[in-house]
Engineer: 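Dropping a structure here in structure tokens format, bear with me for questions.
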There are 2 protein chains.
Amino acid sequence: MQKKQITLADLAKELGISTATVSRALKDYPDISEETKRKVLELAKKLHYRPNSIAAGLRKRESRVIGVIIPEIVNHFFSSVIKGIMEVAYEAGYRVMLCQSDESYEKEVKDAETLLANRIDGLMVSIAHETSDFQHFREFQDAGIPIVFFDKVPLVEFENVSKIVVDDFQGAYNSVQHLISMGKRRIAHFRGPLIAYTSRNRLEGYKKALSDSNIPIDENLIFGCQDISLEEGYNYCRQALALDEPCDAIFAVTDMVAMGAMIAARDAGVVIPDQLAIAGFSNWKISALMEPPLTSVDQPSLEMGRLASNLLLKEIQANKKEIEIKYETHVLKTHLMIRGSSDKNAILTTRQILLH
Amino acid sequence: MQKKQITLADLAKELGISTATVSRALKDYPDISEETKRKVLELAKKLHYRPNSIAAGLRKRESRVIGVIIPEIVNHFFSSVIKGIMEVAYEAGYRVMLCQSDESYEKEVKDAETLLANRIDGLMVSIAHETSDFQHFREFQDAGIPIVFFDKVPLVEFENVSKIVVDDFQGAYNSVQHLISMGKRRIAHFRGPLIAYTSRNRLEGYKKALSDSNIPIDENLIFGCQDISLEEGYNYCRQALALDEPCDAIFAVTDMVAMGAMIAARDAGVVIPDQLAIAGFSNWKISALMEPPLTSVDQPSLEMGRLASNLLLKEIQANKKEIEIKYETHVLKTHLMIRGSSDKNAILTTRQILLH
DNA sequence: AAGGTTTACGTAATCGATTTCGGTTTTTGT
DNA sequence: ACAAAAACCGAAATCGATTACGTAAACCTT
């Protein structure tokens with residue numbers, strides 16, 4: 001029962017004028033008399049006229065839609081980024097078309113193609129784990145559609161794009177340095193898969209912090225997670241505690257892994273943070289609610305989304321005005337949230353912060 | 001530097017045939033010779049032809065895009081629903097345009113209007129707290145665009161739409177009945193604002209469970225949350241414990257509130273679950289990771305999203321074929337996840353489930 | 001009063017794909 | 001051999017808004 005939508009032509013016929021005039025009246029062109037504008041606006045309102053932006057988009061060769069491809073939605077970090085993206089995009093009159101790659105290369109390619117077919121004005125991407133070829137993004141460049149990569153970005157492969165990443169290295173460095181300052185020396189690291197640059201940078205930050213404090217790096221204390229799960233954190237923690245020289249602190253690649261470690265420590269009767277200090281990465285909301293609250297590295301997700309949107313919109317505007325685009329790379333600073341899992345004295349203040 | 005995209009006309013000119021033939025060749029019409037099809041497909045591939053679905057949409061009067069309006073994205077429940085929605089929609093060849101109302105009526109109206117202007121083929125909505133007028137959705141019905149409401153749905157106001165809700169009443173009932181079966185008698189309820197039907201239904205479920213067990217309802221044990229926060233849970237728990245006849249269990253409207261209560265109990269040195277049992281609602285991932293793990297009512301968010309998509313797609317198809325649409329209302333069952341915060345003996349098994 | 005400028009609109013092309021009618025050939029049937 | 005039927009393809013309208021260009025009338029200007 002597709003009912004007919006009111007069109008410019010309907011208004012024009014009703015008023016006995018041309019569609020050109022109606023269009024211009026609605027857009028408040030100076031060429032049109034106040035009298036006519038008034039009548040057009042009135043009728044448009046009366047008939048509930050809604051402009052068809054598909055048609056307008058076809059004519060103007062712009063859709064006012066931007067595409068977003070992320071690995072997954074059910075993830076606090078990414079959903080925060082999206083919130084930031086949408087805030088800025090909507091303010092500027094752009095809609096958001098969302099795609100989820102599920103960390104699959106194939107899905108990512110398909111998503112890119114349909115977004116291209118939908119003639120989006122710009123694209124924001126956090127690439128999937130599996131992706132190592134980037135041809136599907138090159139097509140956007142060929143079509144003159146700007147791309148902004150965030151969080152998971154291609155490194156050398158891409159030149160003419162803006163990128164936004166989090167300073168994983170510094171975040172990890174600060175976190176480990178904090179553990180050292182708490183008197184820990186046998187600090188284990190549960191790292192992520194090394195295909196991910198984030199994992200790699202965190203590992204490097206960990207190593208640098210140790211060597212800067214003249215603590216030798218013990219490969220036995222470095223455990224590699226495959227799927228960054230609670231289970232891995234749990235099991236590696238048991239292993240790390242069972243070593244001849246057990247660890248006295250853990251820096252985990254992610255809060256999920258850190259929480260697995262915390263549960264294992266609890267089960268083993270190990271006192272946190274006295275016997276074992278634990279620090280995570282990402283600062284999930286849950287982190288602050290654990291017992292004890294988890295020390296973690298906060299990533300500025302909202303800011304990342306806002307910045308990505310702003311960069312992209314700027315490039316879209318530059319494109320329209322045929323101005324040369326300046327591609328930027330931003331490295332966002334992290335914040336170390338010190339809590340009870342690494343610092344006994346932080347417990348009270350954290351709780352206080354939580355409850356104002 | 002908007003570069004030119006390849007169009008049907010480009011292909012046609014290159015091959016010396018008409019756009020009509022090219023179009024039909026690409027769509028594999030039986031009218032076109034295999035030879036021509038082959039040549040067209042070949043050239044299309046070579047030139048990286050991407051169909052302009054904006055143009056096709058204009059002509060075919062369909063966009064293959066569905067709109068989604070939710071109160072907020074940074075929320076495990078809603079992001080799960082979206083995941084479910086997108087899974088099904090993408091499988092059927094539909095894109096998703098996402099909007100976030102921020103619980104604001106004004107934003108919701110604006111979102112609805114731009115989605116309408118973008119000629120979406122269907123709409124899914126979870127309405128904002130503030131919304132009590134529904135004219136902006138009526139316009140979709142007038143335009144023959146199907147709507148499916150989920151989670152937060154208008155009750156009596158709307159007739160010709162499908163709705164999907166969670167059985168809050170039954171979920172609350174089961175939860176409270178469980179607390180009773182654990183030997184609790186002074187069960188407090190931290191309810192949500194009564195404008196929300198979900199809050200109201202949970203309150204009713206709570207009351208029914210009590211009266212079915214012949215436990216008198218004590219209004220002093222019912223506390224009203226305004227913004228459903230950790231702080232409210234914390235404060236109400238202190239109040240509930242400070243009563244002349246303190247409570248021995250709490251059923252909270254949401255896990256967030258329940259966790260606030262847990263922290264308060266911890267601070268007060270009250271033993272969970274022996275002295276105070278606590279149960280929440282929503283079953284956030286965190287719930288299972290608290291110490292002790294929080295008993296909670298699981299809402300089938302993914303299923304809700306999938307079902308919403310399926311219903312909407314069915315209505316879109318029916319619309320196209322001019323078939324009468326059958327509007328459905330679904331009430332999804334919840335699952336009570338019994339954990340250590342209400343049942344001592346559940347502790348181990350929960351942990352076991354978590355770690356396989 | 002002739003020529004120039006505004007004001008206020010209309011005409012028609014345009015964006016790119018789809019689709020309705022046809023219109024040629026070529027093939028098939030008898 | 002001649003009509004009938006396929007088989008293939010093209011012209012042009014269409015979707016709805018935008019806009020370059022044109023024009024008629026009114027209004028100045030000296």
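Chain naming here is simple, since letters A, B, ... match the order of the sequence lines and numbering starts at 1 in each. All heavy atoms count here, side chains included; hydrogens, waters and symmetry mates do not.
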Engineer: Could you tell me if S162(B) and E328(B) have a donor-acceptor pair between their side chains, going purely by distance under 3.5 Å?
Structural biologist: no
Engineer: Rounded to whole angstroms, how far apart are CD1 on I17(B) and P on dA7(D)?
Structural biologist: 19 Å
Engineer: Looking only at the side chains, is there a donor atom on one of S18(A) and T21(A) sitting less than 3.5 Å from an acceptor on the other?
Structural biologist: yes
Engineer: Dump every N/O contact between nucleotides 23-27 of chain D and the protein below 3.5 Å, one line per pair.
Structural biologist:
none

Engineer: What's the CG-P distance between D28(B) and dT18(C), to the nearest Å?
Structural biologist: 14 Å
Engineer: List the atom of A92(B), the atom of L313(B), and the distance in Å for their closest heavy-atom pair.
Structural biologist: CB-CD1, 3.6 Å
Engineer: Between protein and nucleotides 16-22 of chain D, map the contacts as a letter string: B base, S sugar-phosphate only, - none, heavy atoms under 4.0 Å, written 5' to 3'.
Structural biologist: BBBBB--
Engineer: Identify the heavy atoms of F137(A) and I127(A) that sit nearest to each other, and give their distance.
Structural biologist: CE1-CG2, 4.0 Å
Engineer: To the nearest Å, how far apart are K39(B) NZ and dC9(D) C1'?
Structural biologist: 12 Å
Engineer: Measure the distance from CD1 on I32(A) to P on dT7(C) and round it to the nearest whole Å.
Structural biologist: 13 Å
Engineer: Below 6.0 angstrom between ring centroids: does that apply to Y105(A) and H136(A)?
Structural biologist: yes
Engineer: How many whole angstroms separate atom CG of D10(B) from atom C1' of dC15(C)?
Structural biologist: 13 Å
Engineer: Kindly indicate whether a cation-pi arrangement holds for K110(A) with Y90(B), taking the cut-offs as under 6.0 Å to the six-membered ring centre and within 45° of the axis.
Structural biologist: no
Engineer: Looking only at side-chain N and O atoms, does Q100(A) offer a donor or acceptor that is under 3.5 Å from a partner on D102(A)?
Structural biologist: yes
Engineer: Can you name the closest pair of heavy atoms from K163(A) and P154(A) and give their distance?
Structural biologist: NZ-O, 3.3 Å
